[in-house]
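Structure first, then comments.
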2 protein chains.
Amino acid sequence: MTGHNPGMNVTGHTRRPASIRDVATAAGVSYQTVSRVINGHPSVKPSTRERVLAAIDELGFRRNATALALASGRSRAVTVLTANTTHYGYASILQGIEEAARAAAYSVGIGVLESAEEPAVAAEVQRAADTGGGLIVIAYDPAGVRALGAVPAELPVVGVVETPASPPGPCHHTPACPAAPCTHSRRAGRKPEYIQYEGLRPAHREHAPDAAGPALRADDGSVAAGPSGDRPWVWTDDREAAYEATRHLLSLGHETVHYVAIPSSTRRTSARTTGWRQALKEAGAPEPRPVQGSWGPAGGHAAGRRLAEDPAVTAILCGNDDLALGVLRALHEAGRSVPGEVSVAGFDDAPHSAYLTPSLTTVRLDFTGLGRAAFALLHGVLEESAQIAPHPVSVPELVVRESAGPPPARPTRP
Amino acid sequence: MTGHNPGMNVTGHTRRPASIRDVATAAGVSYQTVSRVINGHPSVKPSTRERVLAAIDELGFRRNATALALASGRSRAVTVLTANTTHYGYASILQGIEEAARAAAYSVGIGVLESAEEPAVAAEVQRAADTGGGLIVIAYDPAGVRALGAVPAELPVVGVVETPASPPGPCHHTPACPAAPCTHSRRAGRKPEYIQYEGLRPAHREHAPDAAGPALRADDGSVAAGPSGDRPWVWTDDREAAYEATRHLLSLGHETVHYVAIPSSTRRTSARTTGWRQALKEAGAPEPRPVQGSWGPAGGHAAGRRLAEDPAVTAILCGNDDLALGVLRALHEAGRSVPGEVSVAGFDDAPHSAYLTPSLTTVRLDFTGLGRAAFALLHGVLEESAQIAPHPVSVPELVVRESAGPPPARPTRP
DNA sequence: CTGAAAGCGCTTACAG
DNA sequence: CTGAAAGCGCTTACAG
């Protein structure tokens with residue numbers, strides 16, 4: 001009886017939850033035997049196992065997760081570090097992680113990166129590290145990228161990244177470290193989809209302390225040094241998706257396609273921007289300057305106002321659906337009809353996009369699948385026994401709706 | 001050296017994080033003294049405190065949260081139980097909770113109630129209880145309401161509820177339990193907003209084991225037996241907000257207002273439905289049957305199609321903005337102009353609502369403020385020292401935009 | 001197959 | 001003001 005937590009109250013009901021000692025007493029065995037039973041240890045006589053199980057049931061025993069974590073050093077917990085929890089993509093990734101974590105009996109915590117400043121990010125990473133378990137960081141923005149970089153090497157982490165550090169290609173297994181398994185890039189269908197690189201298991205880290213491990217060695221033998229360092233990651237091929245969307249707009253007859261960009265995770269140009277640019281180049285279309293947007297509709301609205309002033313603009317690709325919503329609104333305010341005069345396409349296929357007027361042509365991305373894949377990867381790093389089942393993430397898919405069509409019959413440009 | 005966690009690696013760097021014993025050795029004191037320093041205990045000689053602090057800094061010591069939780073029984077953690085993490089209201093409440101929790105150095109976990117079936121809900125509550133700390137349950141739907149009801153009495157929990165169990169009114173302090181403080185209902189401004197009832201602190205629970213504690217005794221002395229039982233809760237006054245929105249539509253000249261409902265948290269009619277009905281009654285307007293919707297735009301679309309067929313319908317209030325989006329789309333498909341022929345109003349003021357065409361008249365609700373308030377309340381229950389600062393949640397506010405206007409000059413009804 | 005010991009990293013009384 | 005002891009509820013070797 002420690003005073004602050006008496007075992008019983010006046011009515012004689014147990015107050016403090018039953019411990020393995022309570023179960024042991026009830027079953028007439030030592031508490032070590034109870035431990036064996038709850039851990040599925042094979043060497044327990046069936047009859048005593050029965051008695052223990054009965055006692056567990058009777059007392060409503062639940063193993064104390066805190067004590068388990070302290071004694072064993074493992075914690076069956078994952079915390080998600082992210083700059084945002086409400087935008088469609090972020091929220092869906094979080095949802096996918098939670099789903100998979102729940103299925104694996106992991107608890108999931110979240111930590112929001114409110115600032116992208118280095119000290120604040122470091123503090124948030126520390127906080128997450130303090131709670132124990134593994135980390136998943138959504139590195140779609142500068143705060144996330146910095147957080148991923150600030151994770152101490154000994155912590156198990158997987159990044160959800162915008163672009164892998166190295167061009168995707170088959171892994172080169174390093175003979176020097178035979179114990180480090182390497183998951184080859186997996187592609188579902190023809191198109192590149194997402195690639196899982198399995199990081200080195202903690203036990204083998206010491207064999208390959210250099211920044212770019214074997215999993216990061218690209219096709220051509222060059223060593224990548226991207227934002228995600230040597231940590232395992234998952235991603236969707238945004239570049240490819242933007243490429244397809246731009247080609248679709250071009251195929252409708254537009255001379256070129258303007259682009260309203262989401263903020264990039266790094267100083268360099270984003271994957272979506274790259275894909276858009278590539279399609280333009282291949283088609284020999286003029287390449288307008290991308291308009292910088294934000295994440296929300298307000299940014300799209302501002303960008304749309306500027307674009308609406310230029311009569312030469314007949315097609316606009318937006319970095320996400322919220323941006324597209326703002327663009328649509330700005331075009332409406334400017335009296336330019338969609339898709340009659342201007343075509344608009346988005347990115348993500350957020351839940352509201354199908355119900356807009358006009359409904360939005362966009363690219364569907366499987367964010368929840370991405371979240372599940374991220375967890376599966378982390379799970380594999382955390383538990384030797386957990387096998388990383390190939391976790392399919394569906395390929396980005398162009399969804400054609402009302403907001404994009406052929407350009408005006410008689411071009412408005414002089 | 002336990003084998004699975006050696007203190008050092010080959011290069012001589014510390015692998016295992018520093019413990020208070022390491023700090024004690026470095027500072028030349030006992031580890032109990034280190035404990036005193038990190039806990040801000042007053043009786044430590046300034047000079048030794050200095051030395052300890054220096055050692056802490058040098059070793060990069062961070063107190064192990066798991067050990068702290070096990071030894072002290074307190075855990076500075078909150079887990080949020082919710083049926084959904086992506087809808088605007090739910091996601092925003094979660095955001096508010098996380099914000100406040102982070103400021104208080106609490107970790108936040110989430111558990112999704114995927115099913116509303118009793119066994120699944122109970123299992124999820126158990127899982128959340130296992131992780132330790134306090135609970136916040138979003139009880140806007142049957143799954144959440146059941147979860148709130150399934151929380152064991154000894155666990156600290158606050159509910160975010162649709163409607164308080166009893167009509168809001170001043171608390172009746174119970175002289176029999178003088179130690180149980182009771183926070184009086186707080187109103188910001190004229191309109192009812194949200195009320196915080198502070199539950200009994202754990203230490204005093206035994207004095208009032210009856211289901212309805214003093215905090216639940218309503219104005220008239222009747223004892224409430226609502227969905228949230230005797231737990232503290234927070235809420236926004238949806239009834240009042242729906243009442244105002246309906247009155248606004250009526251004031252525009254509509255003969256009556258149709259209603260597309262979100263699912264209710266209980267079998268009884270929802271707070272929003274009640275407010276709508278009350279406004280109609282007061283105005284002597286005919287009361288159409290509410291159309292049952294879901295949470296998303298698809299439900300609104302289905303409801304909108306039916307309402308579009310009835311030429312007598314000139315005004316539609318929707319249970320949330322996503323529903324309104326679907327209704328808007330259905331009206332457009334049916335060739336009925338908004339607001340020319342039909343007026344539409346939503347609920348929530350989701351981020352996209354201002355950018356729709358027509359932009360949506362709606363009621364702005366402060367969900368993040370509600371989340372912060374929920375955490376503040378829990379914090380007060382968890383820590384004697386934590387003072388529950390009056391945590392203002394802004395009053396629901398009608399936002400008038402383009403989607404609602406006067407009815408057609410010549411009524412379309414026969 | 002099962003029990004007794006030591007330990008995970010802390011805190012909380014209890015001594016001095 | 002500071003140290004030595006016992007304990008939180010488990011697990012992991014170590015005996016038998």
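To find a chain, count down the sequence lines: A is the first, B the second, and so on, and within it residues start at 1. Everything numeric here is computed off the predicted structure, so don't read it as measured data.
- Checked for salt-bridge contact, Arg146(A) and Glu117(A) miss the test: no charged N lies under 4.0 Å from a carboxylate O.
- Using a cut-off of 4.0 Å between Lys/Arg side-chain N and Asp/Glu carboxylate O, Glu383(B) and Arg76(B) are scored as salt-bridged.
- Comparing atom distances between the Ala71(A) side chain and each of dG7(D), dC10(D), dC1(C) picks out dC10(D) as nearest.
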Check your understanding: Taking it one step at a time, do Tyr31(B) and Val23(B) satisfy side chain to side chain contact (heavy atoms under 4.5 Å, CB included)?
Key -> CA-CA 7 Å; Tyr31(B) 63 84; Val23(B) 172; over 6 Å; no

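- Here the side chains of Val160(B) and Val137(B) are not in contact, with every heavy-atom distance at 4.5 Å or above.
- Taking atom CZ of residue Arg62(B) and atom P of nucleotide dC8(C), one finds them 21 Å apart after rounding to whole Å.
- Here Thr33(A) reaches the OP1 or OP2 of dG3(C): one of its side-chain N or O atoms lies under 4.0 Å away.
- Of all nucleotides listed (dG3(C), dT2(D), dC10(C)), dG3(C) comes nearest to the side chain of Ser30(A).
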Practice item. Starting from the C-alpha separation in whole Å, work towards a yes-or-no answer on side chain to side chain contact (heavy atoms under 4.5 Å, CB included) for Arg51(A) and Thr48(A). Key: CA-CA 5 Å; Arg51(A) 269 186 297 144; Thr48(A) 77; 3.3 Å; yes

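- Spacing between atom OH of Tyr31(A) and atom P of dA4(C) amounts to 9 Å, rounded to whole angstrom units.
- Between Arg49(A) and the choices Val44(A), Val29(A), Thr33(A), the side-chain contact (heavy atoms from CB on, under 4.5 Å) rule is met once, by Val44(A).
- One interatomic measurement links the two molecules: CZ of Arg51(B) to P of dT2(D), which rounds to 8 Å at whole-angstrom precision.
- Among the nucleotides dT11(D), dG3(D), dA5(D), the one closest to the side chain of Arg63(A) is dT11(D).
- Rounding to whole angstrom units, CG of residue Leu59(A) and C1' of dG9(D) are separated by 15 Å.
- Here the side chain of Val29(B) is nearest to one of dC10(D), dG3(D), dT12(C), namely dG3(D).
- Using modelled atom types, one side-chain atom of Arg127(A) and one backbone atom of Tyr106(B) make a donor-acceptor pair closer than 3.5 Å.
- Between Arg36(B) and Leu70(B), the residue anchored nearer the 5' end of DNA chain D, judged by the nucleotide with its closest heavy atom, is Arg36(B).
- At a threshold of 4.0 angstrom between heavy atoms, the contacts of Arg74(B) are confined to the sugar-phosphate backbone, with no base atom among them.
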Revision key, fill the gap. Per-residue pairing states of DNA chain C in dot-bracket (Watson-Crick or G-U under 3.5 Å; . unpaired, | other strand) read |||.||||||||.|||

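- Thr48(B) comes within 4.0 angstrom of sugar-phosphate atoms only, judged by non-hydrogen atoms across all strands, and of no base.
- Rounded to a whole Å, the CD atom of Gln32(A) is 6 Å from the C1' atom of dG3(C).
- Closest contact between the side chain of Asn64(B) and the listed nucleotides dT11(C), dC10(C), dG3(C) involves dC10(C).
- Ser19(B) comes within 4.0 angstrom of sugar-phosphate atoms only, judged by non-hydrogen atoms across all strands, and of no base.
- Rounded to an integer number of Å, the gap from Arg21(B) CZ to dC8(C) P is 7 Å.
- Atoms CG (Leu68(A)) and P (dT12(D)) sit 8 Å apart, rounded to a whole Å.
- At the phosphate of dC10(C), neither OP1 nor OP2 sits under 4.0 Å from any side-chain N or O atom of Ser35(B).
- For Arg16(B) and Asp22(B), the salt-bridge test passes: some basic side-chain N is under 4.0 Å from an acidic carboxylate O.
- As judged by a 4.0 angstrom heavy-atom cut-off over every strand, Ile20(B) is placed among the base-contacting residues.
- Atoms CG (Asn39(A)) and C1' (dT12(D)) sit 10 Å apart, rounded to a whole Å.
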